[in-house]
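All values derive from a computational prediction rather than experimental measurement.
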Amino acid sequence: MIQPCSLRHQLLLSLLGAILGVFLLGSLATYHTTRGEVDEIMDYHLRQLALSLRAPLPGPQPEPSLGPDDQLFDMVIQIWDGQGLRLYLSRPHTALPDRAQLGYATVPTSEGDWRTYSLMMGSRVVQVAQPMSHRDRLAAAAALRTLTPLLLILPLMGGLIWYLVGRGLRPLERLAHAVGARRPDSMAPLAAEGVPDEARPLVQALNGLLGRLDQAMTNQRAFVADAAHELRTPLAALQLQLQLTERAESEDERRAALADLRLGLRRATRVVQQLLTLARQSPEGGSAAVRTEVDLVELAGLVIAEQQPLAEARGIDLGADVLEAGTLASGEREALRTLLGNLVDNAIRYTPTGGKVDVSVLAGDGRAWLEVTDSGPGIPAEERERVLDRFYRRAGESEAGSGLGLAIVKAIADSHQATLVLDEAPTGGLRVRVGLPLVTPQMPANPVEAAGNTSGNTSESMS
């Protein structure tokens with residue numbers, strides 16, 4: 001597996017690669033420019049050499065013999081008379097043609113291309129030729145001499161880039177060191193002074209995350225402290241009731257003590273269950289359930305059936321008021337079941353005997369609404385916000401409880417981006433309304449197909 005290289009290596013390689021690419025393009029441009037200049041200079045020399053051969057040569061000349069020094073002379077001179085007879089050839093065994101084209105010309109031969117310059121001198125024609133390969137060598141040598149200093153500078157440039165990139169990354173290294181040296185419980189924001197503009201969004205994002213973590217940890221610590229305080233009372237009561245059971249002298253006293261112990265155990269169990277439910281539904285609980293389409297009418301019927309025994313035991317009339325069929329909401333089914341169950345349970349517990357609790361499901365204002373109304377004492381307007389807090393109980397409340405029911409409802413509503421409204425019910429008690437994201441049923445695209453499906457369902461139900 002290829003390990004990712006550091007940012008410094010990436011910058012060094014990318015910058016050196018870019019410089020090398022530009023260097024190669026510059027080398028090609030330099031070579032072509034130098035080649036053009038060499039062609040101009042060599043053409044000038046060809047013409048000057050041809051013009052310097054003004055002295056007439058008497059008669060045909062013998063083929064010259066080349067010495068060691070003459071081999072370094074890369075130009076070839078030919079002279080013809082008026083009848084086309086070659087009078088002079090400076091270098092034998094060349095592949096140049098026997099005819100001359102006046103002026104400059106590039107002649108292809110078996111030895112490669114040659115550059116020639118020919119002119120008339122009286123009745124004679126003088127031609128000076130030079131191989132193009134010689135010019136290529138001169139141009140390449142000149143370009144190499146020009147680019148050699150740049151080649152030698154490349155290592156120095158690489159070292160300079162390495163140093164400058166490292167210097168530019170020092171603020172990030174200091175930031176990483178500051179984050180690594182922090183204590184696990186330190187949630188103070190990171191200092192943004194001296195941080196480059198490119199890294200400032202990262203620092204701001206980290207500070208936002210630290211702020212959210214600090215808030216979550218604060219809420220968790222408060223929750224643990226409140227839970228410990230809330231559990232201390234029922235556990236102490238259980239211990240006391242257990243001691244009373246052990247000290248009972250008669251069977252009747254023991255039976256009464258066991259009944260109280262059983263009731264206290266039931267209350268402690270309920271508190272623990274509510275604490276666990278609240279911990280799962282709170283944002284810091286980390287629950288991330290999959291949202292689905294929930295039929296609220298079916299859900300309301302299920303909760304009413306579950307709570308019916310408790311309502312009958314307390315003499316409460318529990319039922320459905322308005323149930324709009326086909327009301328669908330987007331959410332987690334079990335969480336919404338817990339929400340509605342807590343609302344109905346609270347309404348039953350705080351409604352006096354002979355009272356009434358109604359559950360409604362309806363759609364409006366682009367939301368699916370769950371409503372629970374009771375005929376109990378209600379909650380004053382100034383306390384309706386407070387009762388949503390954890391472990392908050394109104395003064396003078398006679399009904400035993402933990403103060404977690406509405407807190408659980410609020411946590412579930414917040415996790416569903418739902419609207420939670422507490423107001424006065426028409427019966428004088430409390431009305432709680434929860435507005436959930438409404439899901440519009442998909443209508444079939446083909447009306448004929450829809451009619452056929454409806455017909456099939458009707459016949460099946462009738463059979």
Side-chain angles (χ1 to χ4, degrees), residues 274 277 281 291-381 383-385 387-388 394 399 401 404-441:
Q274 287 188 315
T277 301
Q281 299 300 330
R291 303 290 173 87
T292 58
E293 294 183 1
V294 181
D295 188 344
L296 296 185
V297 174
E298 185 268 338
L299 186 68
L302 181 62
V303 172
I304 291 174
E306 291 176 347
Q307 299 289 338
Q308 194 66 44
L310 178 61
E312 292 177 356
R314 290 177 169 262
I316 305 297
D317 180 14
L318 172 63
D321 185 14
V322 178
L323 296 179
E324 294 186 3
T327 304
L328 304 178
S330 174
E332 182 197 352
R333 176 182 172 81
E334 290 304 317
L336 295 181
R337 180 177 176 178
T338 301
L339 178 146
L340 184 57
N342 274 271
L343 289 178
V344 175
D345 181 81
N346 268 16
I348 293 174
R349 291 179 181 276
Y350 292 97
T351 298
T353 302
K356 185 178 181 180
V357 175
D358 289 328
V359 178
S360 299
V361 175
L362 59 157
D365 299 331
R367 288 186 172 271
W369 292 92
L370 283 172
E371 290 188 4
V372 177
T373 60
D374 61 63
S375 58
I379 300 176
E383 290 192 61
R384 289 172 187 166
E385 289 293 331
V387 296
L388 299 177
R394 296 177 55 200
E399 180 65 27
L404 290 174
L406 291 180
I408 294 174
V409 170
K410 183 177 184 303
I412 298 176
D414 291 343
S415 66
H416 284 74
Q417 291 81 44
T419 302
L420 180 59
V421 180
L422 277 67
D423 56 10
E424 185 176 352
T427 55
L430 178 67
R431 179 175 67 172
V432 181
R433 305 174 68 231
V434 181
L436 297 162
L438 179 65
V439 176
T440 304

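- Here the shortest heavy-atom pairing between Leu340 and Ala300 reads CD2-CA, 3.7 Å.
- Scanning for side-chain hydrogen bond (donor to acceptor under 3.5 Å, both in side chains) contacts around Glu298 gives Arg333, with sequence neighbours left out.
- Leu318 is listed as a side-chain neighbour of Ile348, based on a closest heavy-atom distance under 4.5 Å.
- Using a 4.5 Å heavy-atom cutoff, the side chains of Thr419 and Val421 are in contact.
- Residues Lys410 and Leu420 meet the side-chain proximity criterion, which asks for heavy atoms closer than 4.5 Å.
- Checked against side chain to side chain contact (heavy atoms under 4.5 Å, CB included), Ala418 has the following partners two or more places apart in sequence or in another chain: Ala413, His416, Val434, Leu436.
- Contact check for Asp423 versus Leu430: no side-chain heavy atoms found under the 4.5 Å cut-off.
- For the residue pair Ser415 and Ile412, the shortest heavy atom distance occurs at OG-O, 2.7 Å.
- Listed by chain and number, the residues in a salt bridge (Lys or Arg N to Asp or Glu O under 4.0 Å) with Arg367 amount to none (sequence neighbours excluded).
- Distance alone, capped at 3.5 Å, is enough to place a donor-acceptor pair between the Asn342 side chain and the Thr338 backbone.
- Residues that satisfy the side chain to side chain contact (heavy atoms under 4.5 Å, CB included) test with Glu293, not counting sequence neighbours, are Leu328, Val439.
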List, one per line, each side-chain donor-acceptor pair under 3.5 Å for residues 351-363, sequence neighbours excluded.
unit_1 : atom_1 : unit_2 : atom_2 : d
Thr351 : OG1    : Ala347 : O      : 2.4
Thr353 : OG1    : Arg314 : O      : 3.4
Ser360 : OG     : Val322 : N      : 3.4

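- Applying the side chain to side chain donor-acceptor pair (under 3.5 Å) definition to pairs two or more places apart or across chains, none involves residues 315-328.
- Residue pairs meeting the side chain to side chain donor-acceptor pair (under 3.5 Å) criterion with at least one member in residues 369-381, sequence neighbours excluded, are Glu371-Arg433.
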